[in-house]
Number of protein chains: 2
Amino acid sequence: MTTREPDAGHAGASRGGAAAPRVRLVDVAREAGLSKTTVSAALNGTGRLSPAVREKAVETARRMGYRPNATARQLRAGRARLIGYVVGEFAGEPWTYLDSPYFAQLTGATSAAALRHGYALVMLPAGTLQREWADLPLEAVIVADPVEDDPLVEDFLAARIPVFSDASVAGREGAHWVDLDTDAAVRECLEHLRAGGARRTALVLPDSTTRFHRQMLAAYRAWCAAHGAEELVTLVPEPGNGPVVRAVERALTAEPRPDGLFVVAEASPPLVMDAARRLGLAAPRDVRVVCVSEDESAAHADPPVSTLSLRPVEVAEKGMALLVAALEGGSSTPPGVLLTARLEVRASS
Amino acid sequence: MTTREPDAGHAGASRGGAAAPRVRLVDVAREAGLSKTTVSAALNGTGRLSPAVREKAVETARRMGYRPNATARQLRAGRARLIGYVVGEFAGEPWTYLDSPYFAQLTGATSAAALRHGYALVMLPAGTLQREWADLPLEAVIVADPVEDDPLVEDFLAARIPVFSDASVAGREGAHWVDLDTDAAVRECLEHLRAGGARRTALVLPDSTTRFHRQMLAAYRAWCAAHGAEELVTLVPEPGNGPVVRAVERALTAEPRPDGLFVVAEASPPLVMDAARRLGLAAPRDVRVVCVSEDESAAHADPPVSTLSLRPVEVAEKGMALLVAALEGGSSTPPGVLLTARLEVRASS
DNA sequence: GTGAAAGCGCTAACAG
DNA sequence: CTGTTAGCGCTTTCAC
């Protein structure tokens, strides 16, 4: 069988839709009157070649528009420098998670960090099936916010693909994690509100089984118990600004009325302040407010809203450093990293 | 040289950090007492095999935890089903673009659509260099919102990688596009505002050279000219809620005051209404407002804000359909597709 | 019905 | 200093 028969046409200008056969290393070598090895070495700056030969190889390659076949290199190298990226939380709605500024920033920062380390990130929509990623040469996978006993995590681990996620995967073989110190975060917020005078701080929390939300609730309860404060929890039945706003209204119309509000549910901060205003409450005079949010609009609301940042950019960068260390540095890497959230105090509290 | 010498250890349980050598097709074949061919056929359901043999092959593969090497398959297949995805607009800030709900939805919907068609999307942060994607076996690349004469687009085209983008690339060899009918969109908004009674509608627009923004401005001017209306344009010097809010304030304090406001700059709709309220203006009584936005918070603002949706999900899906057709269907695909924006009328107008 | 062998495009030993 | 050769792991004609 001659080498290139199956392909579209010969080297000449293909007129129709048939793509011109891509020029290979061997084509360049033949044209330059050199061997594959020499050309390869010249292009990769690898071997010891005479400047004249190297120049000739490089020039010929350039002239012929040669581009190395990435797949062949990957096969040769035994690795593809490809990392999968999934967000587990909203498995029902395959793409909506990016609407959340937290995940938007996490995703963007992760892909940037990956590229800086020489890896590319492939986006796997939540709910992706095994057979959809099985054809990808993934070296590792990042699962942001997995649900409890996430089947995705199980599948990747079973396939011996290292998983990078939050602390819910801690202790499993091949699993690494980056997580937030939620206890410290909740404590800082509640004590900040208390220092401002709040004695009854209500919590607005999604009715979800995400690890993060469960931990925030537990930390809130622990803090209340430790300080003899009454637990005031309003659950948000589903994601979205509407449900959160209604929950805020419910929380603020309880009797006796809370004088502190800690909104952990993802919502537009200006809308939270709108809700308070509609109830005739001014912040921070009547109620001191802190929202968990990465939404930049918080700083421009009226009044500007204090936020607790979950630091997606730092999470992404620490996570990628951990991933690269684990993938390349051998086995002596720590299994996980704990980060601290950051409270941005603004006028609302 | 024996085949597997370079690898970590032998088949036995590797104790240290050394990864267990992955099981290959040939290992399964040997274990099952069959040939590579037979096992391959069995696993792919390809050849004509006796049920017994097929069963044996499949069972052995399962037992040994065999997973095909994706890279080898890709090399064999001659394609990797990988598509690059870049957002060109904010080349200065490598990740912030996802903060915008439009791009967030576009990105998510694109990756979902890609996977549905059997392709995976690799995220290339804005500002990615040639040498960073050259090692990826990309079959095509999607460039959302390229800047004028985007070097990224030039590089991809020069590398003979098909580019899918907006209409600014129209007419170039290997370039395909999906775009919005901005004329129709602007007309619909301005006529809607006018029908509500607005006689002086101001435009708030980013001071950017993005094709979209230039077209919106041109369409606004054309409409004003055609209707004998005065042009009232306020430019936003840089992205972000703060600058947009200040521009809105400037626009609304002009003399004589506008009675219509068309905000094309990306901002949190509740903040726009806050700005109007601070100036003592009620919508729609004093000023009728339409914002270009995909932000769900618009529907919950006080009053709810009318929005012009650029339909990122539809753009993503049409674009992916076009891409797949061009990549697989041959050459008879249209070069581009034009979509219509959607005006969501709410109380603010 | 089953298996041997070629080869996808590249890089890295090893001769010359 | 350069070229020949052996594979990376898989699929697929083509003989048997």
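Keep in mind that this is a model prediction, so the values were computed, not measured. Side chains included, hydrogens not; waters and symmetry mates left out as well; all remaining heavy atoms used. Below, chains carry the letters A, B, ... as their sequence lines are ordered, and counting in each starts from 1.
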[X] [atom1] to [N] [atom2]: how many Å, rounded?
| X | N | atom1 | atom2 | result |
| --- | --- | --- | --- | --- |
| A:Arg22 | C:dG9 | CZ | C1' | 10 Å |
| A:Leu43 | C:dG9 | CG | P | 16 Å |
| A:Leu136 | D:dC10 | CG | C1' | 17 Å |
| B:Arg79 | D:dC10 | CZ | C1' | 17 Å |
| B:Arg54 | C:dG1 | CZ | P | 12 Å |
| A:Lys36 | C:dC14 | NZ | P | 18 Å |
| A:Glu55 | D:dC1 | CD | P | 17 Å |
| A:Arg48 | C:dG16 | CZ | C1' | 15 Å |

Just to confirm, is there a sub-4.0 Å distance from OP1 or OP2 of [N] to any side-chain nitrogen or oxygen of [X]?
| X | N | result |
| --- | --- | --- |
| B:Asn69 | D:dC8 | no |
| B:Arg24 | D:dG9 | yes |
| B:Ser35 | C:dA4 | no |
| B:Arg73 | D:dT11 | yes |
| A:Ser40 | C:dC10 | no |

Base, sugar-phosphate or nothing for [X]? Non-hydrogen atoms, less than 4.0 Å.
| X | value |
| --- | --- |
| B:Leu25 | base |
| B:Arg76 | base |
| B:Thr37 | base |

**Asked** Who are the side-chain hydrogen bond (donor to acceptor under 3.5 Å, both in side chains) partners of A:Gln130, not counting sequence neighbours?
**Response**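 For A:Gln130, no residue satisfies side-chain hydrogen bond (donor to acceptor under 3.5 Å, both in side chains) once neighbours in sequence are set aside.
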Is a salt bridge present between [X] and [Y], judged by a nitrogen-to-oxygen distance below 4.0 Å?
| X | Y | result |
| --- | --- | --- |
| B:Glu139 | B:Arg160 | no |
| B:Arg172 | B:Glu154 | yes |
| A:Glu31 | A:Arg62 | no |

Proximal nucleotide (of [options]) relative to the [X] side chain:
| X | options | answer |
| --- | --- | --- |
| B:Leu49 | D:dC10, C:dT2, C:dG9 | C:dT2 |
| A:Ser50 | D:dT12, D:dT2, C:dC10 | D:dT2 |
| A:Leu75 | C:dG3, C:dT11, D:dC8 | D:dC8 |

**Item:** Short side-chain donor-acceptor distance under 3.5 Å, A:Thr107 and A:Tyr85
**Value:**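 There is such a pair (donor and acceptor under 3.5 Å, judged by atom type) between the side chains of A:Tyr85 and A:Thr107.
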**Request:** Check whether the side chain of A:Thr46 and the base of C:dT11 form a donor-acceptor pair under 3.5 Å.
**Result:** no
**Request:** Starting from the 5' end of DNA chain C, give me the residue, B:Gly33 or B:Ala72, whose nearest nucleotide shows up first.
**Result:**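 Its nearest nucleotide lies further toward 5', so the answer is B:Gly33.
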**Message:** Distance check, rounded to the nearest 0.5 Å: B:Lys318 atom NZ versus B:Asp179 atom CG?
**Reply:**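 Taking NZ in B:Lys318 and CG in B:Asp179, the distance rounds to 14.5 Å.
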